[in-house]
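Here is the structure we will look at, set down as structure tokens.
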Amino acid sequence: MEIKIIGKSIPNIPWQNKPEGYPFPVWRYSENPITQWNPVGRASRIFNSAVIPKDGKFVGVFRADNRAILPQIHFGTSEDGIHWDINPDYIHWKDENGDEFVSAYGYDPRLVEIEGTYYITWCTDFGGGPTIAVAKTNDFKEYTRLDNAFLVPNRNGVLFPRRIGGKFYMLSRPSDYGHTPFGDIYISESPDMIYWGRHRKVMSNKAYGWWQDMKIGAGPIPIETNLGWLTFYHGVCNTCNGYVYSMGVAILDKNEPWKVLYRASDYVLTPEMPYEVSGMVPNVCFPCAALADADTGRIAIYYGAADTYTALAFTTVDEVCRFAIENSKLAPKDDETVK
Ligand code: BMA
């Protein structure tokens, strides 16, 4: 069966062919990383960040940690998705009454266009703990921040790119207030992006292999395919030298996305390169966005490396879905739902 992306054409998607003889399904951009230390203004590092195509170019929302190590979300534009012009000032949000909303910190943003509106989710402070903030914009000039989606503590809120059965859906990872040593991926439903409910568990960290046995969290916006929702996520293991963040892949049911159809036993990316194993936080590959070209099946994944750099990796829908199918080992509780 032909495996296809259901979505937009992105003829100028960043791309490099797979190196000759490379045996694995996801390969890195040879010019990585695409952002460096002290990239703009007071930003010392730009890493876990999100990108979408817009008007033949690319726009993004970037996690920038400033020189006091305080993260905020910055807007940026690019002609080619690789070289970025990132605003030195962070995004100033307004609430629905038009009053300024100051997010005490902001990190790990995701960006998606749904029905002609752009939605940003990120991790914000909510009364002393982290949760998922939601904002919308039509022009990347004025941003309206909606109410937080969930109670504290929660992280890694990732919207689906369209309604399913008339409802919006968001993945998230309930957590603790610190460097959470546990965590599974859940899904919540909303009629209006304000009220979230019907929570279901999607995937647990209790799967095959140790690379994801401490916690997992959703990554890029899921990619619609004729098989289901292609979903990249991060998996973390704890070693005697600290946490190690790798990237995994699963395919979720198209109409009931809390059901896992396939989940690869092996990671598809793990810290190996100098810019992944060395930096502010060594041994981190943290994906937050993926571009997917419906015409060619090409996929470009943006990931944070060592909490210091932004990096790119490539795959195709056919190769990565076949990898997930052929190496699938579902955990007993993967498809646990609220009865
Ligand atoms: C997570 C988040 C990410 C970060 C990762 C590794 O808890 O804070 O922003 O990349 O830890 O430090």
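Computed over heavy atoms, backbone and side chain alike; hydrogens, waters and symmetry mates excluded.
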Requested in this report: Please report the shortest heavy-atom distance between Pro181 and Asp176, naming the atom on each side.
Outcome: CD-OD2, 3.4 Å

Query raised in the report: For the residue pair Val40 and Ile46, what are the closest heavy atoms and their distance?
Result: CG1-CD1, 4.2 Å

Report task. Please tell me if the side chains of Asp147 and Val134 come closer than 4.5 Å, counting only heavy atoms from C-beta onward. Result -> no

Query raised in the report: Are Asn138 and Thr117 close enough that some pair of their side-chain heavy atoms sits under 4.5 Å apart?
Result: yes

Query raised in the report: Does atom CZ of Phe182 have more than 12 heavy-atom neighbours, drawn from other residues, nucleotides or ligands, at distances under 6.0 Å?
Result: yes

Report task. Decide whether Asp65 and Ser44 meet the rule of one side-chain donor and one side-chain acceptor closer than 3.5 Å. Result -> no

Query raised in the report: How long is the gap from CE on Met203 to CG on Leu171, to the nearest 0.5 Å?
Result: 8.0 Å

Query raised in the report: Side chains of Ser30 and Asn32: donor-acceptor distance under 3.5 Å anywhere?
Result: no

Requested in this report: Inspect the surroundings of CG in Asn241 and state if more than 12 heavy atoms from other residues, nucleotides or ligands are less than 6.0 Å away.
Outcome: no

Report task. Check whether any side-chain heavy atom of Pro220 lies under 4.5 Å from a side-chain heavy atom of Tyr302, and answer yes or no. Result -> no

Query - Test item: side-chain donor near acceptor, Gln16 and Tyr29, under 3.5 Å - result: no

Query raised in the report: Which atom names give the shortest non-hydrogen contact between Pro39 and Ala43, and what distance separates them?
Result: CD-O, 3.2 Å

Query raised in the report: Would you say Arg163 has more than 12 foreign heavy atoms packed within less than 6.0 Å of its CZ?
Result: yes

Query - His234 vs Phe286, ring pair (Phe, Tyr, Trp, His ring centres under 6.0 Å): CA-CA, chis, key distance, verdict - result: CA-CA 6 Å; His234 65 259; Phe286 195 99; 4.4 Å; yes

Query raised in the report: Under a single-linkage rule joining Ile, Leu, Val, Met, Phe, Trp and Tyr whose side-chain heavy atoms are separated by less than 4.5 Å, which residues share a cluster with Tyr90?
Result: none

Query - Qualifying residues under salt bridge (charged side-chain N to carboxylate O under 4.0 Å, His left out), relative to Glu256, sequence neighbours excluded - result: Lys259

Query raised in the report: Does one hydrophobic cluster hold both Phe314 and Leu269, with members joined at side-chain heavy-atom distances below 4.5 Å?
Result: no

Query raised in the report: For Arg263, which of Leu252, Thr231, Asn327, Ile216 qualifies under side-chain contact (heavy atoms from CB on, under 4.5 Å)?
Result: Ile216

Query - Tyr208 atom OH: more than 12 heavy-atom contacts under 6.0 Å - result: no

Query raised in the report: Does some side-chain heavy atom of Val158 sit less than 4.5 Å from a side-chain heavy atom of Ser172?
Result: no

Requested in this report: Please report the shortest heavy-atom distance between Gly7 and Ala294, naming the atom on each side.
Outcome: O-CB, 3.3 Å

Query raised in the report: Mind checking whether Tyr169 and Trp258 have parallel, tilted or perpendicular rings, split at 30° and 60°?
Result: tilted

Query raised in the report: Does the pair Tyr118 and Phe140 meet the rule for a ring pair (Phe, Tyr, Trp, His ring centres under 6.0 Å), with working shown?
Result: CA-CA 8 Å; Tyr118 304 99; Phe140 293 98; 4.8 Å; yes

Query raised in the report: Could you go step by step and tell me if Ser78 and His83 meet the side-chain hydrogen bond (donor to acceptor under 3.5 Å, both in side chains) rule?
Result: CA-CA 6 Å; Ser78 174; His83 303 90; over 6 Å; no

Report task. Using a strict cut-off of less than 4.0 Å between a Lys/Arg side-chain nitrogen and an Asp/Glu carboxylate oxygen, indicate whether Lys54 and Glu113 qualify as a salt bridge. Result -> no

Report task. Would you check if the side chain of Asp318 reaches a backbone N or O of Cys321 as a donor-acceptor pair within less than 3.5 Å? Result -> no

Query raised in the report: Are Leu111 and Phe75 linked, directly or through other ILVMFWY residues, by side chains that come within less than 4.5 angstrom of each other?
Result: yes

Query - Rounded distance (nearest 0.5 Å) linking atom CG of Asn66 with atom CG of Leu70 - result: 5.0 Å

Query raised in the report: Going hydrophobic residue to hydrophobic residue with side-chain gaps under 4.5 angstrom, can you get from Tyr233 over to Leu261?
Result: no

Report task. Answer yes when Glu115 and Arg162 have at least one side-chain N-carboxylate O distance shorter than 4.0 Å, and no when they do not. Result -> no

Query raised in the report: Any donor and acceptor pair, going by atom type alone, linking the side chain of Asp253 with main-chain N or O of Pro257 inside 3.5 Å?
Result: no

**Report entry** Validation row: Phe24, Asp266 side chains within 4.5 angstrom (heavy atoms)
**Finding:** no

**Report entry** Distance (rounded to the nearest 0.5 Å) between Ile132 CD1 and Asn156 CG
**Finding:** 6.5 Å

Query raised in the report: Below 6.0 angstrom between ring centroids: does that apply to Phe62 and Trp84?
Result: yes

Report task. Give a yes or no on this: more than 12 heavy atoms of other residues, nucleotides or ligands lie within 6.0 Å of atom CG of Leu151. Result -> no

Query - Shared hydrophobic cluster, Tyr303 / Tyr22 (ILVMFWY, side-chain heavy atoms < 4.5 Å) - result: no

Query raised in the report: Using 4.0 Å as the upper bound for N to carboxylate O, is an ion pair formed by Arg145 and Glu100?
Result: no

**Report entry** Pair Asn205-Asp213, side-chain hydrogen bond (donor to acceptor under 3.5 Å, both in side chains): steps then yes or no
**Finding:** CA-CA 5 Å; Asn205 63 341; Asp213 75 346; over 6 Å; no

**Report entry** Heavy-atom pair of closest approach, residues Asn12 and Glu79
**Finding:** ND2-O, 3.8 Å

Report task. Go through the steps for Thr131 and Arg155 under the test side-chain hydrogen bond (donor to acceptor under 3.5 Å, both in side chains), then give the verdict. Result -> CA-CA 6 Å; Thr131 195; Arg155 291 188 175 100; over 6 Å; no

Query raised in the report: Does Phe47 reach the side chain of Tyr309, with side-chain heavy atoms less than 4.5 Å apart?
Result: no

Query raised in the report: With under 30° as parallel and over 60° as perpendicular, where do the rings of Tyr119 and Phe168 fit, or are they tilted in between?
Result: tilted

Query raised in the report: If you measure from CG on Asp307 to CD on Glu276, what distance do you get to the nearest 0.5 Å?
Result: 12.5 Å

Query raised in the report: Less than 6.0 Å separating the ring centroids of Trp27 and Trp15?
Result: yes

Report task. State, without any angle test, whether Asn38 and Arg45 hold a side-chain donor-acceptor pair at a distance under 3.5 Å. Result -> no

Report task. Apply side-chain hydrogen bond (donor to acceptor under 3.5 Å, both in side chains) to Trp122 and Ser103, showing your working. Result -> CA-CA 10 Å; Trp122 73 99; Ser103 186; 3.3 Å; yes

Report task. Look at atom CD of Glu96 and say whether more than 12 heavy atoms of other residues, nucleotides or ligands are closer to it than 6.0 Å. Result -> yes

**Report entry** In one Ile/Leu/Val/Met/Phe/Trp/Tyr side-chain cluster, 4.5 Å: Ile3, Val26
**Finding:** yes

Query - Minimum heavy-atom distance Arg110-Ala218, with the two atoms named - result: NH2-O, 2.7 Å

Would you be so kind as to tabulate the donor-acceptor pairs closer than 3.5 Å made by side chains of residues 242-251, with sequence neighbours excluded?
| from | atom 1 | to | atom 2 | distance (Å) |
| --- | --- | --- | --- | --- |
| Tyr243 | OH | His179 | O | 2.6 |
| Tyr245 | OH | Lys215 | NZ | 3.3 |
| Ser246 | OG | Thr270 | OG1 | 2.7 |

Query raised in the report: Under a 4.0 Å N-O cut-off, is there an ion pair linking Asp184 with Arg173?
Result: no

Report task. May I ask you to test the Leu312-Ile301 pair for a side-chain heavy-atom distance under 4.5 Å? Result -> no

Requested in this report: Verify the distance criterion only: is there a donor paired with an acceptor across the side chains of Gln212 and Tyr267 at less than 3.5 Å?
Outcome: no

Query raised in the report: Heavy atoms, side chains only, cut-off 4.5 Å: are Thr121 and Met170 in contact?
Result: yes

Query - Over 12 foreign heavy atoms within 6.0 Å of CH2, Trp37 - result: yes

Query raised in the report: Counting only heavy atoms not in Lys4, do more than 12 fall under 6.0 Å of its NZ?
Result: no

